[in-house]
Each structure stands twice: as structure tokens, then as C-alpha cells.
Amino acid sequence: MDVGDERVIALVDMDCFYVQVEQRINPELRNKPCVVAQYKTWKGGGIIAVSYEARGHGVSRNMWADDARRLCPDLQVARVREAHGKADLTPYREASVEVIEVMSRFAVVERASIDEAYMDLTGSVQDRLKHMSVQDITPQQLKGTYAQGFPQTSDPSESAAVDKEERRLRGLQQWLEHLSSGGQSSRAELCLTVGALIVEEMRAAVEEHTGFRCSAGISHNKVLAKLACGLNKPNRQTVLPLGSVPELFSTLPIRKIRNLGGKLGTSVTETLGVENIGDLTQFSKVQLEQHFGEKTGPWLYDLCRGIEFEPVKPRQLPKSIGCSKNFPGKTCLATQQQVQHWLHQLALELQERLNKDRDMNGRVAKQLTVGIQQAGDRSFSRCCALVRYDAVKMTSDSLAIIKSLNTAGSHQEAW
Ligand code: TTP
Ligand code: CA
Ligand code: CA
């Protein structure tokens, strides 16, 4: 059976990314409990990124800065800059480009978000294996690596007694011994370990060239790599072999899996009455097909066994360029003029970023999409052709395609 274990896939995700960007701009913020907050008008602003020091005090994303200060009196608060009356994410986008540039020296990279990317290391691993073997790999080369599922210990009291770094090292040593013993899946596991060597080097290069630290997951597919990345943050990487999947999946809620965090995950949980992703292994392929269709059913059947085949697509640039703004509570827009004003502000930002994108990346956008999300309401989106990078034209086109949403009727001033 093809379990897809000839591939080596990594997911790299920056640690508390916006905080690190602000700490590089202002070194006084380094090694301190620190957050990045957006807008100051209400309760000191909303927190969108939190340093690990601040997390230790119980500070988390979506708290108000004023509330967070009560938990952590010496909290440093960096502010997102504003332009066109809204948050300006330019510094974070530019930092993201720097990071992707360094990563792409090592492998084919698929940018997955502003601070993460997938890499297919299969080819690089095969190349390295022509000149090396298990015996050449030492724990010193893997100084930030965890092997998930190791150390394998039958005595839980022992595992609680040792500190995290000591346990990591013990697990890694056991993993390397397990590799050289040459079991049935040892070729696949050796490939993952060589992948981990490459990712150690890549993460060191990212830190050297950008000053930013990151975490990574190394496994046989995107789903497992993404999951592994989150297991030992910050500034660490985790190898997840197929053999460690059953134990991990036996207690892992379905929503924690890539692509199952939303509606599909909820529907799987409700339809089958199960909690953990590992519980899906008790259903046959036919059963899963009946419930979720001929595409999603078989995908779930493989997925709950740690098997998945989605390729890493070579793509370093975002597919679309967009901006948005929320108008909560009293700030809610109530006249046509206000709607037009804010559409124009958004269009001005778009115009700037589209022009920059054309100059830097030599491409031209063809479609304009306008989306509106109202509290408790279904979201609405419409698109039209984008003919010119012109804020005035984009504003009037946007207004035209969302006019039908205005329940006050177009002859009135109200919206
Ligand atoms: P994340 O990778 O989700 O989080 P993080 O990098 O801050 O922390 P971690 O170490 O746990 O990975 O998001 C990356 C950046 O995207 C984050 O620094 C700020 C921004 N962001 C928002 O602005 N709003 C959000 O709701 C989320 C999830 C992220
Ligand atoms: Ca991150
Ligand atoms: Ca991320």
C-alpha cells in the first residue's frame, strides 16, 4: 500500500511573528513580556500577537491591552502603525518576504500565510543520502529537534521527573538508536531525520539573515508537518514519524487538524459522534464515503491514519492582495457617504499595494472582489473585472456591485 512515506515535507512557522518584527525595530522590547496591539481607542487596543514571556503571565491574543497590563504590569506594548485610517501591515509583509527569500535557498517553498511556509525536501534529502548514512548523524546536529513519541517509556513517573531539555535529548538519542537498528520503516524515518538536519540549517540561516526565530515540523505530508510544528514551540522543531501517529491521534481533537478547524470538522464530529481524529479509523472507507462524499470520504480515511498526498506548490507570492476593516458596535457605517468613504480608503491602500506588486513581481491583477461580513449574518461577496489600478474607479465599481445590499434603497442617504 502507498502510504506516501517517500516524501519529506516541512512546515516552518515564525514564533510570535509581529512581536519579533517590532522587537527588531525597537531592541528595547527584546527578551521582555511584549505584545503587539491594534488601535488605541478602546481599552488600550486589541492584542494581535504575544511574546512567549508575556504568555507566561497569562496574556493572550484578543485581550485588550489594558486588561493584559493588569495581568502583567511591566508589559511592553508595540502598536501597529496606521495609514488610510486603518492598520498598516507593511512592516510585517516586508519581513515575511525576507524570511521566504532565505527559505527558498534551501528548497521549493509554498508560502502558506504571512508567517509560514511549506517546503518539499524530498529531493534535497535524496541528494544528501548519496553521501551519508545513519552513523553520520549526531545529536549535536539536531540541537533543536524533538522526535515525537520518543523517549518511549513505560514508566510515567520517570518522565515527569526530568526537565524538558533532558527529555528531548534522551528521546533524540533513542530515536537515532532506533534508526540504526534498521526496522521495516527505517528508510522513511531516516529520510525524515535528514530532513530535520536540513531544517536545522535553514532555521539557523533564517535567524542569521533576518534575526527572526521560528519553529518547524518535519513529516511525510502537509497535515502532519503543520501539526508537528505546533508541538514544541518556540524555537524548536519536531519530527513526526508515521509510527508515532496512532498514539498522537488517539487524544487529538478533530478540529486541531489542518482543514478540519471549521465547518467540515464540526460536521465530522457531529455526524459520527466522535471527538478525536484517531476515532475515525473505526469507520470503513465506504461508510466515510456515504457520509462525506467520494472525495472527502477517502481523504478522511487516509488522513486519520496519517496519510495525505497534497503537493507543495511552488509559490512564494500571495495569490491575492486584499485589505479590510471592521466597524464594530457604534462605529457601524450608517450612510451611503460613509460606505463610500471607507471603500475609497481601502481602494487607496489597494492601489498602492497593487502598483508595488506590479513593479516588484511583474504581474497584473484582473479581478476585484468586494466582501461584506455582518454580525450573525451570512457573508456576501461579489466580483467584477479590475481594469485599472485606480482608487476612484475601484471605489465606484465596488459601490455598484454592493448596492443591492442596501436595504434603505439607493434613493436615500441611509445605508
Ligand atoms: P500566528 O502564526 O497564528 O501566531 P504568532 O506568530 O503570533 O505566534 P506563534 O508563535 O504561536 O506562531 O500568526 C502570525 C501573525 O499573524 C501574528 O504574529 C499576528 C498576525 N495575526 C493577526 O493579526 N490576527 C490573528 O487573528 C492571527 C491568528 C494572527
Ligand atoms: Ca507564527
Ligand atoms: Ca502562522
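Reckoned from all heavy atoms, side chains included, excluding hydrogens, waters and symmetry mates. As the structure is a prediction and not an experimental result, all values here were calculated from the model. Every number for a ligand or one of its atoms is a count from 1 in the order of the listing.
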(message) Salt bridge check, Lys393 against Asp397: does any charged N sit closer than 4.0 Å to a carboxylate O?
(response) yes
(request) Could you tell me how the ring of Phe17 sits relative to the ring of Phe212: parallel (under 30°), tilted (30 to 60°) or perpendicular (over 60°)? (result) perpendicular
(message) Could you work out, with side-chain hydrogen bond (donor to acceptor under 3.5 Å, both in side chains) as the rule, every residue matching Asp74, not counting sequence neighbours?
(response) none
(message) At less than 3.0 Å, how many protein N/O/S atoms surround the Ca ion (ligand 2)? Leave waters out.
(response) 3
(request) Anything with a heavy atom under 4.0 Å from ligand 1 counts, so go ahead and list those protein residues by chain and number. (result) Asp13, Met14, Asp15, Cys16, Phe17, Tyr18, Ile48, Ala49, Tyr52, Arg55, Arg61, Asp115, Lys233
(message) Any donor-acceptor pair under 3.5 Å linking the side-chain atoms of His220 with those of Glu308?
(response) no
(message) Please enumerate all residues that pass ring pair (Phe, Tyr, Trp, His ring centres under 6.0 Å) together with Tyr389, with sequence neighbours excluded.
(response) none
(message) If you apply the rule side chain to side chain contact (heavy atoms under 4.5 Å, CB included), what do you find for Val3 with Asp302, and how did you get there?
(response) CA-CA 8 Å; Val3 295; Asp302 285 341; over 6 Å; no
(message) Taking the ring centre of each residue, are Phe292 and Trp299 less than 6.0 Å apart?
(response) no
(request) May I ask you to decide whether Glu98 forms a salt bridge with Arg24, counting only side-chain N to carboxylate O separations under 4.0 Å? (result) yes
(request) Could you tell me whether Arg81 and Glu22 make a salt bridge, using a distance below 4.0 angstrom between a side-chain N and a carboxylate O? (result) yes
